[in-house]
2 protein chains.
Amino acid sequence: MKLVIIGTGNVASALGKAFFTSGHTIEQVIGKSSNNVTKLAKRLKAEPVLFPDPPVLNADCYMIAVKDDAIPAVALYLKKVKGIVVHTSGSVPLSALGRSFSKKGVFYPVDTIKNNKPVSFTNVPVCIEGNTPVTRRKLLELAASVTEKTFLLDSAQRAVLHLAAVFSNNFTNHLHTSAFGILNENNLPTDLLHQLILSTARNAVSPGPEASQTGPAIRNDKLTIKAHRELLSNNKRLLGIYNSLTADITAHYAEVQKKQ
Amino acid sequence: MKLVIIGTGNVASALGKAFFTSGHTIEQVIGKSSNNVTKLAKRLKAEPVLFPDPPVLNADCYMIAVKDDAIPAVALYLKKVKGIVVHTSGSVPLSALGRSFSKKGVFYPVDTIKNNKPVSFTNVPVCIEGNTPVTRRKLLELAASVTEKTFLLDSAQRAVLHLAAVFSNNFTNHLHTSAFGILNENNLPTDLLHQLILSTARNAVSPGPEASQTGPAIRNDKLTIKAHRELLSNNKRLLGIYNSLTADITAHYAEVQKKQ
């Protein structure tokens with residue numbers, strides 16, 4: 001496919017590299033920062049275009065990989081193009097692209113994409129939405145050229161997935177921040193937890209999180225819970241999180257047991 | 001070293017295999033289930049001993065790898081042995097071993113140890129406590145024979161570490177259960193989140209969780225937060241967790257910003 005990438009951030013460059021590596025032509029890289037546009041365009045053997053200079057009109061697909069709130073403005077800028085226009089956001093509905101495009105969709109890679117990540121998308125699920133059967137098929141093909149895991153999700157389903165991703169990424173990450181804070185305050189090195197963090201994730205993938213749940217809350221170990229609360233007595237915020245998650249684990253497994 | 005393993009569960013067998021592989025002699029495996037004792041003893045070329053048959057008295061080290069609340073009873077059972085007696089628990093103080101041993105300590109591997117794990121302990125931090133300098137040195141040597149990461153922690157420090165581990169393991173794992181629940185309720189496959197779960201853990205290890213925090217809460221994206229709350233309006237438990245973690249992320253990064 002002939003592709004145009006709009007954006008030069010982590011998602012734009014990771015996607016650009018994945019498409020380039022799997023043999024697609026990146027016609028243009030479009031962005032606001034001359035420096036970033038030049039750099040990414042060079043890597044992808046693409047023409048650098050400084051926004052709002054006009055884009056080429058006849059590429060097969062235009063990938064908007066910018067911050068969520070900038071998507072409508074970029075859609076406006078692309079108004080005259082003929083190819084499929086997609087955005088790459090988990091939390092933004094297809095409708096954010098407006099009504100001007102006959103072929104539009106979403107190409108959402110379900111990962112936290114950082115610059116230090118490898119280019120390979122093989123294990124990254126890509127969720128596709130498209131406004132017509134042909135658009136969906138083309139986007140699924142494009143996704144299948146970089147990953148083994150393609151899914152067809154409409155905007156409502158993607159909103160649910162994005163909410164679940166907030167729990168599995170944003171919230172768990174913040175709990176690691178909290179755990180590191182507990183260690184830091186007590187002059188203990190945070191790398192004490194590295195292996196545990198990685199194992200926890202691997203076990204959540206297989207055999208799955210319910211089968212992997214351990215700890216004082218699930219075994220209703222009141223003595224340990226009491227000791228933990230005492231250790232947190234000077235930290236109201238962490239104590240609040242401790243209490244709400246402990247209560248939820250207890251309630252969840254009481255329900256699980258009732259069902260059995 | 002000549003070792004005796006008490007227990008036949010995940011920790012006992014993982015530790016036993018690690019010690020055996022690195023060249024130690026496992027003299028006895030002691031446990032309550034004849035079947036499990038025979039099986040593990042065979043793997044470790046050790047003598048199987050059915051509790052409460054008496055243990056050999058002159059091994060170098062006795063590893064108690066049983067459930068937390070069974071530790072005092074096992075300590076009583078080992079009363080007459082001459083070697084170092086250690087337990088392997090994160091949440092139990094050294095004092096739980098009682099006063100009968102002249103050489104006692106703790107050998108706590110900081111990981112969630114499951115049967116499906118590889119035997120290698122190379123990356124698993126092991127936290128050592130010992131009641132005398134010689135005991136500490138011997139236990140550190142024993143730890144160093146199976147892992148590159150050894151730490152000296154007293155019971156108070158280990159209690160803090162165990163609390164932090166509850167955040168990084170028990171609580172994050174439960175959030176994955178919550179996320180999978182959201183997907184299940186909406187007939188979406190849970191493997192949509194697998195890659196994200198693994199990446200989140202890797203990013204928490206490096207560059208670290210604060211540098212990796214993303215999502216609506218840290219960028220104070222009120223529209224997305226409102227949409228998420230609406231999606232959770234029929235699930236009070238998950239809504240409660242959503243609200244408390246969102247509030248905590250906001251409060252935490254407001255503090256971080258103030259300090260900068």
So A:His228 and A:Tyr242, would you call those rings parallel, tilted or perpendicular, with 30° and 60° as cut-offs?
perpendicular

Specify whether A:His174 and B:His252 have parallel, tilted or perpendicular ring planes, treating 30° as the upper limit for parallel and 60° as the lower limit for perpendicular.
perpendicular

Chain A contacts, top residue of [options] (heavy-atom pairs, under 4.5 Å):
| options | value |
| --- | --- |
| B:Asn186, B:Asp69, B:Leu192 | B:Leu192 |
| B:Thr214, B:Val92, B:Asp191 | B:Thr214 |
| B:Gly240, B:Ala201, B:Pro109 | B:Ala201 |

Heavy-atom proximity to chain A below 4.5 Å, by part of [X]:
| X | value |
| --- | --- |
| B:Thr190 | neither |
| B:Ser168 | both |
| B:Leu188 | side chain |
| B:Phe180 | side chain |
| B:Leu153 | side chain |
| B:Val160 | both |

With chain B, which of A:Gly208, A:Gly215, A:Gly90, A:Ser178 has the greatest number of heavy-atom pairs at distances under 4.5 Å?
A:Gly215

Please identify, among A:Ile182, A:Asn173, A:Val205, the residue contributing the most non-hydrogen atom pairs under 4.5 Å to chain B.
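When all of A:Ile182, A:Asn173, A:Val205 are compared, A:Asn173 has the most.
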
Inspect the surroundings of CG in A:Leu223 and state if more than 12 heavy atoms from other residues, nucleotides or ligands are less than 6.0 Å away.
no

Could you give the distance from NZ (A:Lys17) to CZ (A:Phe121), rounded to the nearest 0.5 Å?
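Nearest 0.5 Å value for the NZ-CZ distance: 10.5 Å.
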
Between the side chains of B:Gln195 and A:Asn123, does any donor sit under 3.5 Å from an acceptor?
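Note: B:Gln195 and A:Asn123 side chains miss the donor-acceptor criterion.
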
